[in-house]
Amino acid sequence: MGVSVETKGGKRSLDAELNLVPFIDLLSSCIAFLLMTAVWTSMYRMDATNKNSGTSGTAEKPDSKPLDRLVLVVDPRGYTVIAGKEKYLIPKKGESYDIAELDKKLKQVKGYYPDRLDMNVAVASGVLFADITAAMDTSIGQGFTDVSLTDATGVI
């Protein structure tokens, strides 16, 4: 209850009563929502680094095959795996990307270069985010744990 002071001359009282209970309820529900979403964002996080397309993440042994770059290009036509001077094209199957064929090809490339952990995923414009993450997940699944994400301009 507010305190009212009588005024002279018949003026209205300037005291107002403010109900704080709805504001406290709203604040407590917002805090609970923010706590729950903070847990979800930390659980479903993918580590990706941004590197230039010409750099390599690991040092190469002198007796191994020289491999200057290992790139997975994702464009609207499909995938292109670039391992050194070799290019492997994986076209789309209809409207969807061929993840199974990409998995086989990355397994083959990993067999050729078992010490390599870096994979540069170069993305062209017009590619959906779900298709980018599927390519990155496939790369990580084949043992390329140092995944970097770049633009595909000038890669091919």
Side-chain angles (χ1 to χ4, degrees), residues 17-156:
E17 194 171 308
L18 186 61
N19 190 2
L20 294 178
V21 174
F23 294 111
I24 294 171
D25 290 342
L26 178 66
L27 179 66
S28 62
S29 61
C30 286
I31 289 172
F33 176 75
L34 290 174
L35 286 174
M36 287 188 297
T37 56
V39 170
W40 289 336
T41 57
S42 67
M43 284 176 47
Y44 297 108
R45 182 181 66 219
M46 177 182 289
D47 294 328
T49 57
N50 187 3
K51 295 180 184 176
N52 293 333
S53 61
T55 60
S56 169
T58 60
E60 297 178 17
K61 296 179 184 175
D63 58 347
S64 67
K65 295 180 185 177
L67 180 65
D68 57 345
R69 63 182 186 162
L70 189 56
V71 182
L72 169 60
V73 180
V74 184
D75 62 11
R77 297 170 294 169
Y79 298 119
T80 304
V81 179
I82 302 171
K85 295 180 181 177
E86 299 290 325
K87 288 185 183 181
Y88 307 103
L89 301 174
I90 304 169
K92 289 173 86 171
K93 282 187 174 179
E95 291 295 316
S96 62
Y97 287 89
D98 194 355
I99 296 289
E101 188 63 31
L102 176 65
D103 192 48
K104 289 178 190 175
K105 188 53 70 178
L106 289 179
K107 185 175 185 178
Q108 180 183 4
V109 170
K110 185 64 175 177
Y112 294 149
Y113 307 101
D115 294 337
R116 293 292 295 257
L117 299 177
D118 61 314
M119 172 64 73
N120 188 1
V121 179
V123 181
S125 62
V127 178
L128 297 176
F129 180 73
D131 297 326
I132 297 168
T133 55
M136 292 175 74
D137 287 341
T138 305
S139 300
I140 292 170
Q142 287 302 326
F144 298 105
T145 55
D146 186 14
V147 176
S148 62
L149 187 64
T150 60
D151 186 22
T153 308
V155 172
I156 295 181

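Here the CD1-CG distance, from Ile31 to Leu27, works out to 4.0 Å after rounding to the nearest 0.5 Å. Taking CG from Leu34 and OG from Ser29, the interatomic distance works out to 9.5 Å, rounded to the nearest 0.5 Å. One distance of note links CG of Leu149 with CD1 of Ile132; it measures 6.5 Å at 0.5 Å rounding. Taken to the nearest 0.5 Å, the OG1 atom of Thr145 stands 8.0 Å off from the CD1 atom of Ile140. The NZ atom of Lys87 lies 5.0 Å from the CD1 atom of Ile82; values are rounded to the nearest 0.5 Å.
The list of side chain to side chain donor-acceptor pair (under 3.5 Å) pairs with a residue in residues 92-107, not counting sequence neighbours, reads Asp103-Gln142, Lys105-Gln108.
Between Asp151 and Thr153 the shortest heavy-atom distance is OD2-OG1, 2.7 Å. Scanning both residues, Tyr79 and Asp131, for their nearest heavy atoms gives OH-O, 4.3 Å. Of all non-hydrogen atoms in Gly78 and Asp75, the two that sit nearest each other are O-OD1, 2.8 Å. Between Ala152 and Ala124, the shortest heavy-atom distance links the atoms CB-N, 3.6 Å. Nearest heavy-atom pair, Met119 versus Ser139, reported as atom, atom and distance to 0.1 Å: CG-OG, 3.8 Å.
Two residues are said to be in side-chain contact when any heavy atoms from C-beta on lie closer than 4.5 Å; Val127 and Pro76 meet this criterion.
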*asked:* side chain to side chain contact (heavy atoms under 4.5 Å, CB included) for Phe144 and Asp118? Distances and angles first, verdict last.
replied: CA-CA 5 Å; Phe144 298 105; Asp118 61 314; 5.9 Å; no
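For the side chain to side chain contact (heavy atoms under 4.5 Å, CB included) test with Ile90, the passing option among Thr80, Leu102, Ile99, Leu106 is Leu102; the others fail.
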